[in-house]
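A quick write-up on the structure given underneath.
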Amino acid sequence: MATNLSEKKFYGDRDAVRQLAVLVEAGQVFSGELSPRVAFEQVLEIMRQRYGVVRGAVTLLDAKSQEIRVEVSSGLSDAGRFARYRLGEGITGRVVETGKPIVVPKLSREPMFLNRAGKRDLNKQEITYMCVPIVVKSKTVGALGVDLKFRQDRDYDSELKCLGLVAAMMAQSIKAEHLVDDERRRLMDENSHLLEELKEKYDFSNIIGTAGPMRQVYEQIAQVAHTNTTVLIRGESGTGKELIAHAIHYNSTRAQKPFIKVNCAALPETLIESELFGYEKGAFTGAHALKKGRFELAEGGTLFLDEIGDLNLTTQVKLLRVLQEKEFERLGGTVTIRTNVRMITGTHKDLEKAMAEGHFREDLYYRLNVFAIFVPPLRDRKSDLLLLADHFLQKYAREHKKDIRRISTPAIDMLTAYHWPGNVRELENVIERAVLVCDSNVVHGHHLPPTLQTAQASGTVTTLSLTDAVEAYEKDIVLDALKTTHGNRAKAARLLGTTERIINYKVRKYEIDSNRFRG
């Protein structure tokens, strides 16, 4: 009896050491950045070496088909590796269905054991089979099953706890993978959503303007967008060259790829080359690590170089090579990098004059000027001014949470009379300022900046007296009321809370033609 007790204690101590070793090594495996499948394979190998597992398998439940399949295994025959179970079928199926572990001390006597090939091996030695559930968020998603050599004194409770802990580690690994997959899907959905928003935002049909010159721009965008042709966008500052470049990219076959923009005028000559082509570690003082340039970042997509006329001659040579050979080297590097980038450039400068003065390479000009689009200045498309003004009014009213519904007639007259040297960008800034200072639901003339209210733009600046300023404001209000009432003076008087006689007096005083509002 004493001998049996000592043997039991010996085996018990040895089993406890082996269980601890398995748990420690399994914990180290799962703490790494391995995929669940690779981690499961390593843990089964640890259990084979440390725990004497004859055969082992991790089975997972397919959520769609509700079929249980072997994910990884150790020591199984081909038939065992490719086995499939239904919920409740066999020992594994019952464990997954019930979420409770099962121990079969002698597998040769168990009719539920479905691995026929494994059962034939039982003729050589008696096997104990243990199977524990893998549970994620209170749902059984699989099972861990192992074959052990039969031992009369085996402590099943202790070994079930050990296997349960290993299965819990596996569950955490599966849960982490699910979280990563969910986050990846979320980011992909978000990316697709943002790309669709960008495509919708920069669709050329959303570019505002119906004037003849703009219709020609739309036609040119439609012609060139679906090609890989190099495009040169010309026009004054503030005309919307970047908007045109966006429209070309997001209506092209490269819409899913990056759109990278560089303002050549905004970067010093010493930095523009490294920004475009990148640099190797140690290429110059301060180059502590490799940096990819804009060409590499735009791979497969579109690179928009704005203000290309400000590019220095040295960089022009390298840019010409990229356009011709489709390859370049980083600064300080010797490896030639192939590039697949569509080039769109923009400029407000007279490139022909720059060529004549020797500031712009002629060969580069002809490489860039394959398909030119000229964006007209705002002064040449005055019929679009009100459309643009209304668009910016709605945009900034929403942004600044103001209930501003329209622009008064005198304010519109001031907008149309101005020559807009800053083009659409200046108009946008003017409307945003008007929205900010407006204290009613109508933008009036006095809400516009001084350059539009005075003769500064024409060089004939005058100083308004208080009387003149009040009269100008009064005229503004009367004009606006007459516009609202379609020139009906009686209705305008009621609208302003005064008499028709006073309105008639003001109309004569300010020489207002009320008939212009009729109809």
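The shortest side-chain heavy-atom distance between Y279 and L290 does not fall under the 4.5 Å cut-off. Counting heavy atoms from C-beta outward, V443 and L393 have side chains that approach closer than 4.5 Å. The closest side-chain heavy-atom distance from F295 to R330 is not below 4.5 Å. A 4.5 Å side-chain heavy-atom check between M343 and L323 finds at least one atom pair inside the cut-off. Proximity of V435 to E432: side-chain heavy atoms (C-beta onward) are nowhere separated by under 4.5 Å. Inter-residue side-chain proximity for F328 and E296 is flagged as met; some heavy-atom pair is nearer than 4.5 Å. Taking the side chain as every heavy atom from C-beta outward, D310 and E307 approach each other to under 4.5 Å. Considering only heavy atoms from C-beta on, D306 stays 4.5 Å or farther from V262 through its side chain.
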**OP:** Let me see the working for R489 and N504 under side-chain contact (heavy atoms from CB on, under 4.5 Å), right down to the final yes or no.
**Re:** CA-CA 7 Å; R489 298 184 187 184; N504 288 331; 2.8 Å; yes
Original post:
Under the salt bridge (Lys or Arg N to Asp or Glu O under 4.0 Å) criterion, do K326 and E299 qualify, and how do the steps go?
Top reply: CA-CA 11 Å; K326 305 293 183 185; E299 180 62 25; over 6 Å; no
**OP:** Apply the test side-chain contact (heavy atoms from CB on, under 4.5 Å) to residues H288 and K281: give CA-CA distance (whole Å), side-chain angles for both, the deciding distance (0.1 Å), then the verdict.
**Re:** CA-CA 5 Å; H288 301 301; K281 181 180 179 180; 5.8 Å; no
Original post:
Please walk me through it: do R254 and N228 pass side-chain hydrogen bond (donor to acceptor under 3.5 Å, both in side chains)?
Top reply: CA-CA 9 Å; R254 297 173 179 261; N228 287 316; 2.9 Å; yes
Original post:
Where do L313 and R361 land on the side-chain contact (heavy atoms from CB on, under 4.5 Å) test, with the steps shown first?
Top reply: CA-CA 7 Å; L313 289 170; R361 292 181 63 92; 4.1 Å; yes
**OP:** Please test R338 against E325 for salt bridge (Lys or Arg N to Asp or Glu O under 4.0 Å), starting from the C-alpha separation and ending with a verdict.
**Re:** CA-CA 9 Å; R338 297 288 299 174; E325 309 296 334; 5.9 Å; no
**OP:** Apply the test side-chain hydrogen bond (donor to acceptor under 3.5 Å, both in side chains) to residues E327 and T336: give CA-CA distance (whole Å), side-chain angles for both, the deciding distance (0.1 Å), then the verdict.
**Re:** CA-CA 6 Å; E327 61 185 29; T336 299; 5.1 Å; no
**OP:** Check the pair E426 / Y418 against side-chain hydrogen bond (donor to acceptor under 3.5 Å, both in side chains), numbers first and verdict last.
**Re:** CA-CA 11 Å; E426 184 183 9; Y418 188 58; 2.8 Å; yes
Subject >> Worked check of side-chain contact (heavy atoms from CB on, under 4.5 Å) between I134 and T140 >> reply: CA-CA 6 Å; I134 299 175; T140 305; 6.0 Å; no
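With respect to the salt-bridge test (charged N to carboxylate O, under 4.0 angstrom), the residues E236 and R379 qualify. A salt bridge is defined here as a Lys NZ or Arg NE, NH1 or NH2 lying under 4.0 Å from an Asp or Glu carboxylate O, and E97 with R86 fails to meet this definition. No salt bridge links R494 with E500; every basic N to acidic carboxylate O contact stays at or beyond 4.0 Å. Residues E71 and R69 are paired through a salt bridge, judged by an N-O separation under 4.0 Å between the basic side chain and the carboxylate. Salt bridge annotation for D384-K382: absent, with no cationic side-chain nitrogen under 4.0 angstrom from a carboxylate oxygen. Under the 4.0 Å criterion applied to side-chain N and carboxylate O atoms, D439 and K402 are not assigned as salt-bridge partners.
Although no hydrogens or angles enter the test, the distance criterion places no donor-acceptor pair under 3.5 Å between the side chain of H400 and the main chain of A397. Looking only at distances, no side-chain donor or acceptor of D380 sits under 3.5 Å from a matching main-chain atom of P376. Judged purely by atom type and a 3.5 angstrom limit, T484 uses its side chain to pair as donor or acceptor with the backbone of D480. Looking at N423, its side chain does come within 3.5 Å of a backbone N or O of S237 through a donor-acceptor pair. Put simply, the side chain of W420 gets close to the backbone of L415: a donor and an acceptor are under 3.5 Å apart. No donor-acceptor distance shorter than 3.5 angstrom exists from the side chain of E511 to the backbone of R508, with no hydrogens or angles considered. Formation of a donor-acceptor pair under 3.5 Å by the Q316 side chain with backbone atoms of L311 is found in this model. A donor-acceptor pair is defined here as one N or O able to donate and one able to accept, closer than 3.5 Å; such a pair exists between the side chain of H246 and the backbone of E242. No side-chain donor-acceptor contact under 3.5 Å links H348 to the backbone of G238.
Contacts of V370 classified as side-chain contact (heavy atoms from CB on, under 4.5 Å), with partners at least two apart in sequence or in another chain: T229, T230. For E474, the salt bridge (Lys or Arg N to Asp or Glu O under 4.0 Å) test picks out K506, with sequence neighbours left out. Residues that satisfy the salt bridge (Lys or Arg N to Asp or Glu O under 4.0 Å) test with E428, not counting sequence neighbours, are K395. With sequence neighbours excluded, the residues forming a salt bridge (Lys or Arg N to Asp or Glu O under 4.0 Å) with K291 are E275, listed by chain and number. Looking at residues two or more places apart in sequence or on another chain, you find a side-chain contact (heavy atoms from CB on, under 4.5 Å) between N312 and E269, I272, T314, T315. Contacts of L34 classified as side-chain contact (heavy atoms from CB on, under 4.5 Å), with partners at least two apart in sequence or in another chain: V29, V38, A39, Q42.
More than 12 heavy atoms of other residues, nucleotides or ligands lie within 6.0 Å of NZ in K509, so this atom counts as buried by the packing criterion. At most 12 non-hydrogen atoms from other residues, nucleotides or ligands lie less than 6.0 angstrom from CZ of R501. More than 12 heavy atoms of other residues, nucleotides or ligands shown are found within 6.0 angstrom of NZ on K483. Applying the 6.0 Å contact sphere to CZ of R405 captures no more than 12 heavy atoms from other residues, nucleotides or ligands. Other residues, nucleotides and ligands contribute only 12 or fewer heavy atoms inside 6.0 Å of the OH atom of Y505.
Taking the six-membered ring where tryptophan is involved, the planes of H446 and Y473 are perpendicular, since the angle between them exceeds 60° and thus also 30°. Taking the six-membered ring where the residue is Trp, H447 and H444 present tilted rings, their angle falling between 30° and 60°.
Shortest non-hydrogen contact noted between V136 and A171 is CG2-O, 3.5 Å.
Applying side chain to side chain contact (heavy atoms under 4.5 Å, CB included) to Y365 and the options L351, L320, I308 leaves one that passes, L351.
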